[in-house]
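Report on the following structure.
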Amino acid sequence: MSRPSGCSCQCYKLLLLVLLWFAGTGSLAAQSLLSQPQELEQGLRQLFPPISASATSAVTAQSEQSSSGAVFPYRYRGNIPELDALLPADPESAAEELIRQQALLPEEEKEYYRLRIGAAQTDRSNVDSFAKAFLSHYPRSRYRDQVFLLWLEQSPVWTPTLEAAASIFVQDADSQQLRYYWSLRGRTAENQGNLAEALRYRLEEARLLDNEQQKEFNKTLESLFEKISNSRVLEQFSNEFADVPFIQQALPQLRLERLVKERNYAEGLLLCEQLLQEANLKGDRTEILRLENLQEFLRRRAQLKPYRVGVLLPLTTTIPTAARLTQQTIEGLRLALQEAPPLPKDTYTVEPTEPLVDNLTKSTPADNTSVTTEAEMLAATSTDNITPVNDFADPVTFSRMDNQTAPQPDNQTEIIKAEPLQLPLPPRWEFVFRDTKLDPDTTRQGFRELVEDEHVMAVIGPLARRTSEAAAAEAEALKVPMISLSVTTSIADLGDYVFRNNISWEQEVEALLDYATEYLQARRFVVLYPDSREGREKLRVFWEQARAIGAQIQNIQRYENSQKSFVDEFESFTGIRRYRTDEEDALIEEQKDRGIPEQNFDAIFLIAGDQTQDLEIIFPYLEVYGLEDSLILGDSGWNNPLLLFAPKRETIRQAVFTDSFFPHSEAQEVQHFVAEHERFFYRYQGYVGPTAYTAYAYDTAKLLLQLLTQPANQDPDALREALLKQPPTQGVTGRFEFQPNGEVWHQMNFWTMGRDRFVPISLPTAED
């Protein structure tokens with residue numbers, strides 16, 4: 001083995017002095033050298049750059065199986081084949097063989113084999129001191145490098161002495177020894193959890209491999225790189241080990257994946273474009289297609305507007321119900337926008353040179369708020385005027401600008417033409433609308449426009465089931481959260497990015513049945529339901545839930561909208577009208593006796609749905625058939641103050657209905673919401689107070705705006721996670737939160753009818 005000369009020999013002398021010091025000799029020369037740390041450090045740096053001195057524990061690794069199956073890469077060996085064959089598997093036999101041959105062996109050879117036998121035994125506590133002593137006595141031994149590796153394997157900590165010895169070893173060792181050295185240090189660092197150091201050592205090892213070995217070793221490198229989550233660390237390795245084939249081939253893709261996970265879309269887009277150019281040069285069509293799709297995804301994410309939310313509603317429709325619900329939803333969004341949290345004053349964005357909105361803008365200087373085409377929107381969604389407005393084919397935007405510094409001339413409303421804005425503007429909240437027209441294809445197109453053209457962070461809506469299903473498919477494809485306001489519970493199951501916030505018919509029926517059975521001990525029910533989609537669906541849920549808990553449904557009767565008489569239904573409930581022979585019917589008719597009402601049930605579930613006016617006709621029948629004291633259960637359709645003035649309403653003594661939003665609640669947030677609604681909208685003709693759709697839109701928008709004020713949530717993926725992790729939120733619709741599938745959970749409330757108002761029912765608590 002060749003020996004260094006010149007400066008290297010001087011460094012060997014330095015090492016010898018250091019080893020003598022740590023071995024306890026304490027020579028004057030060593031003390032003199034150690035008293036000059038600058039010269040010592042300079043000498044070591046000339047041999048090899050300093051390696052990290054982090055403490056690592058020893059890992060016994062005499063051999064390691066490579067992926068190719070060969071013993072890798074270093075075997076300890078001496079001049080005694082018999083001893084080499086016994087070690088390291090049988091150290092006891094090797095010790096006996098050494099005793100038999102020691103008389104014929106030089107002292108250096110004996111010390112070397114004693115050291116190897118000690119390293120192979122269970123107790124290796126003395127190997128560290130023995131190795132240092134060996135190197136002190138035999139600094140130029142042919143076994144020097146092997147002893148150093150044994151020392152490295154057994155050393156409990158990484159010391160300056162070991163650092164100095166390693167510097168000399170790296171300078172003089174052959175490639176096989178170096179490969180084992182870097183492998184040993186890499187495995188030790190990995191076991192200690194220092195992945196960055198482990199990768200650095202493993203990459204030094206990779207530099208010593210040929211092309212065929214590199215292919216096998218790439219699996220080891222890939223498994224380590226998969227554990228590195230920081231793209232900056234990967235970038236450092238790219239610069240430091242650019243000559244390693246694995247770094248050139250695989251690391252750019254791994255780094256791109258980390259950039260996407262870190263949501264660093266701008267830097268990821270640059271790297272993706274670079275990889276796309278390389279794929280084009282290679283002509284790899286599969287890779288080109290994959291990178292083009294990723295490039296489009298990154299471009300959309302990089303252009304996102306953190307304070308912009310999309311809205312999908314049927315803005316132009318000839319269906320009165322849809323128009324009414326749209327108007328109520330817009331009112332809730334408008335109120336949420338007025339109460340949006342303030343935006344940071346030092347954040348400025350540059351608007352595009354092309355205007356986002358090319359229609360009339362109405363500004364209200366008093367509150368620094370601008371609303372685009374509010375008058376047209378209210379007209380288009382009013383039940384008094386259901387003629388479609390042509391302007392709704394263009395984008396429609398609500399916006400609120402915070403920290404606006406432009407002076408306002410007066411408090412009068414000014415109508416101006418929106419001009420292209422090219423100057424930096426303060427950040428502002430924006431709701432950008434698209435018209436669904438109650439058409440799935442139009443809805444899909446509108447959703448894509450909101451994401452690709454308007455760069456919204458999330459989408460509120462739609463309202464209907466079919467359009468919500470169409471929008472859900474786009475939300476999942478584009479990875480942008482949407483919160484539907486549909487009452488159909490299956491919407492939330494259509495994708496990971498799909499949420500729903502509205503009380504469902506299933507939720508209110510299940511809550512009412514639970515309350516009746518658990519708190520009122522009702523077990524037998526009769527049901528009167530309207531012949532409508534809502535009525536039939538609520539009946540189905542009630543039937544399924546009642547059977548699931550063992551309750552009985554004694555009778556079911558259907559009624560038509562605006563039905564004038566309910567004699568047949570109530571006679572069926574009370575048993576007066578049952579199956580009789582013709583002779584029995586003739587006898588009863590002759591005696592003019594219709595029988596005595598019977599009550600074989602505990603409660604009547606009286607479903608109103610959207611046909612509340614029919615309850616005014618039904619209430620008197622309860623008194624006629626002696627059911628004033630019966631328990632009457634009502635759905636959310638009962639949540640109408642007009643019922644307090646219905647005929648014979650005062651004769652009903654036990655009535656319980658459920659809903660999540662009650663505008664006459666005494667809760668502070670509800671009273672504030674109702675007061676603000678009246679302040680903003682009372683001036684419009686035919687004003688009515690806020691409805692459930694107004695409240696759900698308000699709560700949904702407020703939650704989104706609250707989450708988007710936090711920079712950590714200003715990304716669709718982060719926003720989705722925040723929605724799922726959001727604890728129960730107190731809104732005007734009560735406490736609510738999103739479940740893991742995106743479906744909302746709402747706290748249901750119960751009311752009864754007092755003398756002149758609805759009275760809330762307090763449920764027993766765990767303490768009660």
Side-chain angles (χ1 to χ4, degrees), residues 309-334 359 372-374 376-398 431-451 453-454 456 458-478 480 482-495 497-505 532-537 561 609-611 691-694 696-697 700-701:
V309 177
V311 183
L312 283 171
L313 293 174
L315 300 176
T316 55
T317 176
T318 56
I319 302 176
T321 301
R324 183 176 66 253
L325 296 181
T326 299
Q327 177 178 345
Q328 295 167 3
T329 302
I330 292 174
E331 291 173 359
L333 298 176
R334 183 71 168 85
N359 47 27
T372 302
T373 62
E374 179 185 20
E376 292 91 341
M377 189 176 299
L378 292 173
T381 57
S382 171
T383 54
D384 299 329
N385 180 7
I386 57 177
T387 303
V389 178
N390 296 330
D391 290 345
F392 279 110
D394 297 329
V396 181
T397 305
F398 277 175
F431 287 159
V432 184
F433 287 71
R434 285 297 186 274
D435 187 6
T436 68
K437 299 181 181 179
L438 294 178
D439 176 66
D441 293 335
T442 304
T443 301
R444 280 188 284 268
Q445 179 183 353
F447 197 104
R448 284 199 166 270
E449 290 177 0
L450 288 173
V451 175
D453 300 338
E454 306 297 345
V456 300
V459 175
I460 299 176
L463 303 180
R465 177 182 60 83
R466 292 177 64 241
T467 53
S468 292
E469 291 172 348
E474 296 300 320
E476 195 64 15
L478 300 175
V480 173
M482 64 163 276
I483 305 180
S484 171
L485 300 179
S486 169
V487 298
T488 305
T489 56
S490 60
I491 298 299
D493 296 325
L494 297 179
Y497 290 81
V498 183
F499 297 80
R500 195 191 70 85
N501 186 22
N502 199 335
I503 189 63
S504 68
W505 298 334
S532 64
R533 175 171 173 262
E534 181 176 353
R536 292 189 294 270
E537 185 65 17
N561 186 20
D610 59 353
Q611 300 175 193
T691 65
Y693 274 84
T694 309
Y696 288 118
T700 301

Practice problem: Would you please name every residue forming a ring pair (Phe, Tyr, Trp, His ring centres under 6.0 Å) with F447, sequence neighbours left out? | Solution: none
Practice problem: Identify, with sequence neighbours excluded, every residue that meets ring pair (Phe, Tyr, Trp, His ring centres under 6.0 Å) alongside Y497. | Solution: none
Quiz item: For F499 and M482, what are the C-alpha separation, side-chain angles and deciding distance, and is it a side-chain contact (heavy atoms from CB on, under 4.5 Å)?
Solution: CA-CA 6 Å; F499 297 80; M482 64 163 276; over 6 Å; no
Taking all atoms of both residues into account, what is the closest heavy-atom pair of [X] and [Y], and its distance?
X: S468; Y: S486; result: OG-CB, 3.7 Å
X: V480; Y: A458; result: CG1-CA, 4.0 Å
X: T489; Y: R500; result: CA-NE, 3.7 Å
X: G446; Y: R434; result: O-CG, 3.7 Å
X: N501; Y: T700; result: ND2-OG1, 2.7 Å
X: I319; Y: T317; result: N-OG1, 3.1 Å

Quiz prompt | side-chain contact (heavy atoms from CB on, under 4.5 Å) partner of L463, the single match among T329, V487, L438 | solution = T329
Practice problem: Going by the side-chain contact (heavy atoms from CB on, under 4.5 Å) test, name the single residue among L315, L450, I460 that passes it with F433. | Solution: L315
Quiz item: Would you say the side-chain atoms of T694 and Q328 include a donor-acceptor pair closer than 3.5 Å?
Solution: no
Self-check item: Under 3.5 Å side-chain donor-acceptor pair for T467 and T443
Solution: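 T467 vs T443: no donor-acceptor pair found between side chains.
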Within this structure, what is the [atom1]-[atom2] distance for the pair [X] and [Y], rounded to the nearest 0.5 Å?
X: Y693; Y: R324; atom1: OH; atom2: CZ; result: 10.0 Å
X: Q445; Y: D435; atom1: CD; atom2: CG; result: 11.0 Å
X: E449; Y: E474; atom1: CD; atom2: CD; result: 11.0 Å
X: R465; Y: I491; atom1: CZ; atom2: CD1; result: 7.5 Å
X: E476; Y: L494; atom1: CD; atom2: CG; result: 9.0 Å
X: Y696; Y: N502; atom1: OH; atom2: CG; result: 5.5 Å

Exercise. Apply side-chain contact (heavy atoms from CB on, under 4.5 Å) to L333 and V311, showing your working.
Key: CA-CA 9 Å; L333 298 176; V311 183; 3.7 Å; yes
Quiz item: Side chains of V451 and R448: does their closest heavy-atom pair fall under 4.5 Å?
Solution: no
Quiz prompt | Student check: side-chain heavy atoms of V459 and I483 closer than 4.5 Å | solution =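 No, too far: nothing below the 4.5 Å cut-off.
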Quiz item: Between R533 and E537, is the closest basic N to carboxylate O distance under 4.0 Å?
Solution: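 R533 and E537: not salt-bridged.
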Practice problem: Not counting sequence neighbours, which residues clear side-chain contact (heavy atoms from CB on, under 4.5 Å) with S490? List them please. | Solution: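 So S490 forms a side-chain contact (heavy atoms from CB on, under 4.5 Å) with T488.
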Quiz item: In this structure, are over 12 heavy atoms from other groups packed under 6.0 Å from R536 atom CZ?
Solution: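 Counting other residues, nucleotides and ligands, CZ of R536 exceeds 12 neighbours.
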